[in-house]
There are 2 protein chains.
Amino acid sequence: MENPHLDPIFHLLLNGPPRSAREIEARVGLSRVTAAQRIRQLQQGGLIVEGESFASGGGRPARSWRVNPHHRNLIGIDVGEQMARVTLLNLALEPLEDALAEIDLRDDPARTLETLAACAERLARGSMASAPVAGLGIALPAPIDYPQGRIAKPSVMYGWERLDLRNLLRTRLEMPVAMDNDVNLMCLAEQQLHWPDTRHLVFIKAGTGIGCGMITDGHLLRGAFGTSGDIGHIQHSPEPHQLCRCGKQGCIEAHAAGWALARDLQAQGFDCRDAREVMQIYARGTPECRALVNASSRIIGTVAADLVAVLNPEVLVVGGTLSGAGEAMLAGIRERVYQRCLPLATERLQVACARGGDRLGVLGAGMLARARLSEPR
Amino acid sequence: MENPHLDPIFHLLLNGPPRSAREIEARVGLSRVTAAQRIRQLQQGGLIVEGESFASGGGRPARSWRVNPHHRNLIGIDVGEQMARVTLLNLALEPLEDALAEIDLRDDPARTLETLAACAERLARGSMASAPVAGLGIALPAPIDYPQGRIAKPSVMYGWERLDLRNLLRTRLEMPVAMDNDVNLMCLAEQQLHWPDTRHLVFIKAGTGIGCGMITDGHLLRGAFGTSGDIGHIQHSPEPHQLCRCGKQGCIEAHAAGWALARDLQAQGFDCRDAREVMQIYARGTPECRALVNASSRIIGTVAADLVAVLNPEVLVVGGTLSGAGEAMLAGIRERVYQRCLPLATERLQVACARGGDRLGVLGAGMLARARLSEPR
DNA sequence: ATAGTTTTGCATATTGCTTATCTTAAGTAG
DNA sequence: CTACTTAAGATAAGCAATATGCAAAACTAT
């Protein structure tokens, strides 16, 4: 799916349930002998282990194969504007150890990078007791030139585009490093973990900022220069327009993002600085906050409707801090989508909240690192 | 690119310039012997012929290989609301014979289909003098369930969804038949013919209706149920809202599509019924019409800006009847795109008019048929 | 004419995968 | 217990692609 060079059997088992040899043959399109031979190789290499046998269907029950989650570990890093999460994961992407680092993307990039690297190094050393770390993935809140493995342009990461982040981390930590945009990776993680059979999925992240990731035909859509999914600065219709942090007027971020809601709550006398605090106030049932979240969900819904019309996904997932509002956030989005899109596009559309929680970013990052695992060479 | 089952060498030569055996080996990743063997097979089958030798670079000059355009012919059908174009094409997609059929999609589908089939049959018989027809492609103004090869839902093609169009044509004409949405095929044709190295392209069709096709990572984006690119009914901001033919208020079609401009010109006393007549009045330099086209281009520009933000294409192409306004149409689109999108997404973006003219639809349809040509089995 | 360069064709051995057949293993249904 | 079913292992024959080496062909440069 994401990486064509990956050993197809290992890939299949990494991203799916345990399977019998017969299923594997059918899915990867190999003959029985070859599949059996490869399965044995993977088993001998410790990459996969035998799982529970399937129930018999009248004959000998099939053995099942699954990845050995303890064969290697991975490190996922999710870089936010004020915080980074660094997580040690096993091959099944189960978190083994978490570390949160307070950072500030406006600081000197070299210093922040050192904080992250030190954090990852500590986790890697701790990992040696169970399994060596096979790779690191890093999710960044910036457009990424994916083929080049570089930050495409500053955005909120001023000065970072000059750093060859991937190579610096690779030589420092002595492991393969992969990087991508954070929303893309959240989208990937949500799809792989919760919607494995969905080939067309749109993921909207509504947090401090607003962005989206798209999977079409099973592939993450990255765009020509890594700026795809930049929906935060799409123009919003109803006046009066608010000034956006990008300098323009009336971007949906300026009306519906976490920072905008915090601004509006402050103006109403609340002590509120970011999306997280918006959700805390929301959780208390504060009417002013509920009204703001409802309005926000409808604004996000207008853009969601456009995305549905253009991309025709099967599933629309809403994640990010504001998705903590749950059904309230979905209601406004559903309202606008069903109002504005043609029935053919919506009659089989599912709209849901992300289920990955705070860890979606590191999970996606780990997934990216994992996908690189059995590349040739 | 479009069809993974296609013989890679034939595919390469179909969609590119003549190439030497060495180039072919490198591009398709085959060894010298295998490539040579396959090239010989293709040559013996008459599918490719030797072209001019390349200039020598100090050694023996390389022979070049190109498709034999006269080996087979293809038929492309582009079905419009009031007219269908049926064109006989050779393998280089050069038009050999054109036929226009007056139809009405609101008529009995079986009768219209018979008109089209008879037309195609006549062209196929005429083709026998030069080469047999290897396949037929058909472009339809409706959402297509591409994997199933069926019309997904009525749209403007009332009653057609009950017909198994592909099989009816296949048995009637005794040739393989492929079908897709007309805008998708126009997008494909424009990209393959004029932007062969562009992997991320958005094609906006502004004609009687408004729609778009998208190529991302070199693949046509069809969506989950074939309704992708349905931008005509995206909501337009400025009031007052016009009633759209879909029954909703304020769709961009109702303000910017050919039928809406014709309606507005009629209201101003002009004799104007469709997009084509709008362009005729426009060509006379009529100020009222110029004003309407300018307004239309800016409305289309707002949606184009959203598409650029979401998909981050390298190239944005505008086609359809209204693109006959040329730079005037581009100006409004560029204005809105540069105004609304972030520089990173637009600094390397090209905005241009489609160069395929009226034949883009049949060319795309022929391309689809051609892509099926050397599928296995 | 001679040497050097690059393309092309041909022969051979090897690798990787497939197809096919037979046998053993481990369950269910009666 | 017997018959049937499905899974799985082992083995052999065959095919397609690959790497490799060598020779002929067709050009350039001197």
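Throughout, protein chains are lettered first and strands after them, A, B, ... in sequence-line order, and every chain is numbered starting at 1. The structure displayed is predicted, hence computed values, not measured ones.
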Proximal nucleotide (of C:dT8, D:dA7, D:dA17) relative to the B:Q37 side chain:
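Closest nucleotide among those given: D:dA17.
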
Candidate nucleotides C:dA26, C:dG9, D:dG9, ranked by approach to the side chain of A:R63 - the nearest:
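So the nucleotide nearest the side chain must be D:dG9.
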
Give me the one residue out of A:D180, A:L363, A:V177 that meets side-chain contact (heavy atoms from CB on, under 4.5 Å) with A:L368.
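With A:L368 as partner, side-chain contact (heavy atoms from CB on, under 4.5 Å) holds for just one option, A:D180.
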
Euclidean distance, atom [atom1] of residue [X] to atom [atom2] of [N] [Å, nearest integer]:
| X | N | atom1 | atom2 | answer |
| --- | --- | --- | --- | --- |
| B:E52 | D:dA26 | CD | C1' | 17 Å |
| B:E25 | D:dA17 | CD | P | 14 Å |
| B:R60 | C:dT6 | CZ | P | 14 Å |
| A:E50 | C:dA26 | CD | P | 11 Å |
| A:F54 | D:dA8 | CZ | P | 10 Å |
| A:R40 | C:dC17 | CZ | P | 13 Å |
| A:E23 | D:dA8 | CD | P | 10 Å |
| B:I24 | C:dG9 | CD1 | P | 12 Å |

Please report the interatomic distance [atom1]([X]) to [atom2]([Y]), rounded to the nearest 0.5 Å.
| X | Y | atom1 | atom2 | value |
| --- | --- | --- | --- | --- |
| A:W65 | A:I24 | CH2 | CD1 | 8.5 Å |
| B:H70 | B:N73 | NE2 | CG | 9.0 Å |
| B:L74 | B:N90 | CG | CG | 8.0 Å |
| B:L13 | B:N68 | CG | CG | 11.5 Å |

Specify the residue among B:G59 and A:W65 whose closest nucleotide of DNA chain D lies further upstream toward the 5′ end.
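Between the two, 5'-proximity favours A:W65.
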
Tell me if the CZ atom of A:R27 is crowded by more than 12 foreign heavy atoms within 6.0 Å.
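At most 12 heavy atoms, drawn from other residues, nucleotides or ligands, come within 6.0 Å of this atom.
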
Is a side-chain N or O of B:D145 found less than 3.5 angstrom from the main chain of B:F225, in a donor-acceptor match?
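Checking the backbone N and O of B:F225 against the side chain of B:D145, no donor-acceptor pair under 3.5 Å is found.
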
Indicate yes or no for a side-chain donor-acceptor contact from A:E314 to the backbone of A:Q350 under 3.5 Å, with no hydrogens or angles considered.
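It does not hold such a pair.
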
Return the residues of residues 27-35 of chain A meeting this criterion: a heavy atom under 4.0 Å from some atom of DNA chain D. Order them by number, or give none.
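By residue number: A:R32, A:V33.
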
Applying side-chain contact (heavy atoms from CB on, under 4.5 Å), run through B:M179 and B:L140 and close with a yes or a no.
CA-CA 7 Å; B:M179 57 197 268; B:L140 298 165; 3.5 Å; yes

Check every strand shown and say whether B:A36 touches a base, only sugar-phosphate, or nothing at a heavy-atom separation below 4.0 Å.
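Counting heavy atoms under 4.0 Å across all strands, no contact is made by B:A36.
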
Using a cut-off of strictly less than 4.0 Å, decide whether B:R22 has a side-chain nitrogen or oxygen near OP1 or OP2 of C:dT7.
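It does, given that an N or O in the side chain of B:R22 lies less than 4.0 Å from OP1 or OP2 of C:dT7.
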
Side-chain N,O (B:R38) to OP1/OP2 (D:dA17) below 4.0 Å
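For B:R38, the contact criterion (side-chain N or O under 4.0 Å from OP1 or OP2 of D:dA17) is met.
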
With axes from five pairs an end, tell me the bend angle of the helix from C:dA1-D:dT30 to C:dG30-D:dC1, nearest 10°.
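The angle, to the nearest 10 degrees, is 20°.
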
